[in-house]
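Just follow the structure's listing: the first ligand is 1, and inside any ligand the first atom is 1.
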Amino acid sequence: MRIDVHFTPLGLSPGDLSGRGIVVLDVLRATTTVITALANGAKEVIPAATSEEAVRLASNLEKDGVLLAGERKSVKIEGFALGNSPLEMTPEVVAGKTIVLATTNGTPALVAAQGGDPVLVGAPANFAALTIRARQELADRGELVIICAGRERQFALEDGYAAGRLVKALKKGLGKLELNDAAHAALALTGAYDGWADAFTGAAAARQLAEANLGADVAFCAKPNRFGTVPQYAERRIT
Ligand code: MLT
């Protein structure tokens with residue numbers, strides 16, 4: 001059995017991913033936000049690669065049922081109903097709605113993973129359920145691809161750490177796994193921090209969020225196993 005980690009989606013082509021089991025991680029904050037929105041009753045989340053694409057996709061949908069959401073430099077995009085905060089995705093706001101989401105790194109990574117089957121959305125928020133689902137995928141197919149969104153086309157500590165935690169959790173009970181170099185590095189990272197919150201403290205994304213007065217989001221994203229849902233991205237929709 002084999003696990004490949006990619007620290008950014010750069011360099012991956014649809015052909016590399018077609019039909020393979022994939023987990024996408026952008027734990028600060030896009031994948032945490034998607035999981036929270038769906039766990040709180042959103043009908044679906046449509047990830048957009050750009051804010052312009054989000055506006056275009058939303059304009060084709062029933063106005064009353066859609067919410068535009070997204071950020072640039074952590075801050076809500078002007079004219080959008082919501083930012084990219086999981087704390088905004090309350091049942092009162094999102095229940096029954098389609099959310100079209102455009103973020104800097106996370107939603108482009110999801111769009112890049114299209115073609116995978118399944119494409120699972122992961123974060124600490126659904127970590128236990130994600131591990132069970134990903135283990136099943138590994139057992140059925142013999143391989144799994146973990147794609148980190150990264151940050152501005154570079155490695156992001158919070159996603160690399162999350163990838164390592166997932167590799168570590170999957171190794172338990174599955175015996176010997178073949179890992180690519182990034183998976184070995186991610187696994188080694190898990191020993192360098194004392195849990196999710198500690199790993200996030202050193203991350204540039206967490207600093208940017210704190211500077212934007214969004215420190216509460218970092219704390220929310222660092223708390224594991226809030227939800228038992230593992231969203232899946234297929235045919236342009238996450239449900
Ligand atoms: C992203 O997609 O780059 C992030 O989720 C940024 C953020 O809103 O914190």
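Checking T103, D159, T32, L110 against atom 2 (O) of ligand 1, the nearest heavy atom belongs to T103.
For the pair D64 and K97, the salt-bridge criterion is not met [side-chain N within less than 4.0 Å of a carboxylate O]. Note on R207 versus E211: no salt bridge recorded, every NZ/NE/NH1/NH2 to OD/OE distance being 4.0 Å or above. Salt bridge status for E44 with R237: present, with a side-chain N to carboxylate O gap under 4.0 Å.
Close approach of ligand 1 to A30 (heavy-atom distance below 4.0 Å) involves ligand atoms 2 (O), 5 (O). Atoms of ligand 1 lying under 4.0 Å from at least one heavy atom of G106, given by number and element, are 1 (C), 2 (O), 3 (O).
No continuous path of hydrophobic side-chain contacts links L214 to L87 [ILVMFWY only; heavy atoms under 4.5 Å].
Atom CD in E71 sits 5.5 Å away from atom OG in S74 (nearest 0.5 Å).
Remark: ligand 1 and S74 share no N or O pair separated by less than 3.5 Å (distance only, no angle test). Between L209 and ligand 1, no pair of N/O atoms sits closer than 3.5 Å.
Contacts between T33 and ligand 1 below 4.0 angstrom, taking non-hydrogen atoms only, are absent altogether. No part of D217 comes within 4.0 Å of ligand 1, judged by heavy-atom distances.
Of the protein's non-hydrogen atoms, the one nearest atom 3 (O) of ligand 1 is N105 ND2, 2.7 Å. With hydrogens left out, the protein atom closest to atom 6 (C) of ligand 1 is E71 OE2, 3.4 Å, a heavy atom. Taking atom 9 (O) of ligand 1 as the reference point, the nearest protein heavy-atom neighbour is R29 NE, 2.9 Å.
For the pair R226 and F220, the cation-pi criterion (under 6.0 Å, within 45° of the ring axis) is fulfilled.
Applying the salt bridge (Lys or Arg N to Asp or Glu O under 4.0 Å) test between R20 and each of D140, D117, D4 identifies D4 as the sole match.
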